[in-house]
Amino acid sequence: QVQLVESGGGLVQPGGSLRLSCAASGSIFSIKAMGWYRQAPGKERELVAAITSGTTTNYADSVKGRFTISRDNAKNTVYLQMDSLKPEDTAVYYCNADITGWDVTNWRKFGTEKYWGQGTQVTVSS
């Protein structure tokens with residue numbers, strides 16, 4: 001069973017930094033795009049940043065120049081470096097990945113599915 005596990009959230013003062021990590025585990029054949037979303041109270045979930053299996057990245061306008069997404073394909077892990085944090089960055093952050101699983105019983109690929117992490121709280125406050 002494939003799962004995504006996030007870590008790195010917490011409380012930080014405005015202007016501070018945090019680094020989120022999200023590791024995929026389980027029977028994995030390949031991982032395509034990975035990304036980070038966030039959801040603030042009373043708001044819809046929104047895309048923060050995404051990265052392809054190569055190095056192409058995409059950012060929400062609100063975080064450009066402050067957040068950096070990266071990935072370590074050998075570790076099946078995606079990172080989100082968040083600098084110059086603002087109170088409006090406060091939200092639950094979720095990682096997301098398009099993963100092709102591997103059927104070890106029948107020795108074949110499963111279809112590609114979108115997986116979500118459990119979410120990690122980021123609070124920016126003085």
Side-chain angles (χ1 to χ4, degrees):
Q1 187 72 8
V2 174
Q3 62 176 351
L4 299 177
V5 178
E6 299 138 341
S7 60
L11 173 64
V12 65
Q13 292 186 344
S17 297
L18 281 175
R19 188 190 194 211
L20 304 183
S21 300
C22 173
S25 63
S27 184
I28 296 171
F29 176 78
S30 66
I31 303 177
K32 296 179 179 178
M34 305 183 81
W36 289 94
Y37 288 72
R38 67 186 181 188
Q39 187 166 20
K43 294 188 177 181
E44 293 186 354
R45 189 174 297 189
E46 62 175 357
L47 175 67
V48 176
I51 184 168
T52 66
S53 56
T55 58
T56 301
T57 58
N58 181 43
Y59 295 93
D61 288 341
S62 60
V63 306
K64 282 181 181 177
R66 299 188 298 120
F67 290 11
T68 303
I69 189 170
S70 61
R71 63 190 285 173
D72 183 334
N73 291 329
K75 295 181 179 180
N76 290 336
T77 299
V78 62
Y79 305 96
L80 185 68
Q81 177 67 41
M82 304 185 293
D83 298 318
S84 302
L85 282 160
K86 304 176 181 180
E88 51 263 44
D89 294 318
T90 296
V92 178
Y93 283 70
Y94 299 90
C95 74
N96 165 275
D98 295 330
I99 299 175
T100 300
W102 181 253
D103 183 349
V104 297
T105 299
N106 298 298
W107 210 246
R108 61 180 176 84
K109 293 186 293 182
F110 287 117
T112 300
E113 296 184 25
K114 191 175 294 292
Y115 291 86
W116 291 90
Q118 79 284 1
T120 185
Q121 177 70 46
V122 171
T123 302
V124 184
S125 176
S126 55

**Prompt:** Which heavy-atom pair separates Tyr37 from Val48 by the least distance, and what is that distance?
**Reply:** C-CG2, 3.9 Å
**Asked** Within the distance-only criterion (no hydrogens, no angle test), does the side chain of Tyr59 pair as donor or acceptor with the backbone N or O of Ile69 below 3.5 angstrom?
**Response** yes
**Prompt:** If you measure only the distance, is there a donor-acceptor pair under 3.5 Å linking the side chains of Thr123 and Thr90?
**Reply:** no
**Request:** Please indicate whether Glu44 has more than 12 foreign heavy atoms, meaning atoms of other residues, nucleotides or ligands, lying under 6.0 Å from its CD.
**Result:** no
**Item:** Tyr94 to Gln118 - nearest heavy-atom pair and separation
**Value:** CE2-O, 3.7 Å
**Request:** Indicate if Ile99 and Trp116 have the same hydrophobic cluster label, given that clusters are the connected sets of ILVMFWY residues with side-chain heavy-atom separations under 4.5 angstrom.
**Result:** no
**Asked** If you group Ile, Leu, Val, Met, Phe, Trp and Tyr by side-chain heavy-atom gaps below 4.5 Å, do Tyr79 and Leu20 land in one group?
**Response** no
**Request:** Please name the residue in the list Asp72, Ile51, Asn96 that meets the side chain to side chain contact (heavy atoms under 4.5 Å, CB included) test with Val78.
**Result:** Ile51
**Fill in**
Output for pair (Ser25 OG, Asn76 CG), nearest 0.5 Å, gives 9.0 Å
**Message:** I'd like to know whether Lys75 forms a side-chain contact (heavy atoms from CB on, under 4.5 Å) with Ser21, so could you lay out the CA-CA distance, the side-chain angles of the two residues, the decisive distance to 0.1 Å, and finally the verdict.
**Reply:** CA-CA 11 Å; Lys75 295 181 179 180; Ser21 300; over 6 Å; no
**Prompt:** If every non-hydrogen atom of Arg71 is compared with every non-hydrogen atom of Thr52, which pair is closest and at what distance?
**Reply:** NH1-O, 2.8 Å
**Item:** Closest contact, heavy atoms only, Phe29 versus Gly101
**Value:** CB-O, 3.9 Å
**Request:** Taking Glu6 for its side chain and Cys95 for its backbone only, find out whether a donor-acceptor pair lies under 3.5 Å.
**Result:** yes
**Where Val2 and Ser27 come nearest, the two heavy atoms and their spacing** = CG2-O, 3.7 Å
**Message:** To the nearest 0.5 Å, what is the distance between OG on Ser62 and NZ on Lys86?
**Reply:** 8.0 Å
**Request:** Please determine if Asp98 and Lys114 form a salt bridge, counting it only when a charged side-chain N lies under 4.0 Å from a carboxylate O.
**Result:** yes
**Message:** Minimum heavy-atom separation for Ser84 and Asp89, please, with both atom names.
**Reply:** O-OD2, 4.5 Å
**Asked** Same cluster or not: are Val12 and Trp36 linked, directly or through other Ile, Leu, Val, Met, Phe, Trp or Tyr residues, by side-chain heavy atoms under 4.5 angstrom apart?
**Response** yes
**Message:** Between Asp61 and Lys64, does any side-chain N to carboxylate O distance fall below 4.0 Å?
**Reply:** yes
**Asked** What is the distance from atom CZ of Phe67 to atom CZ of Arg38, rounded to the nearest 0.5 Å?
**Response** 5.5 Å
**Message:** I want to check something: taking the side chain as every heavy atom from C-beta on, are Ser125 and Leu11 in contact at a cut-off of under 4.5 Å?
**Reply:** yes
**Message:** With clusters defined by side-chain heavy atoms of hydrophobic residues (ILVMFWY) lying less than 4.5 Å apart, directly or transitively, does Tyr115 cluster with Val92?
**Reply:** no
**Item:** Donor-acceptor contact below 3.5 Å, side chain Gln81 vs main chain Arg19
**Value:** no
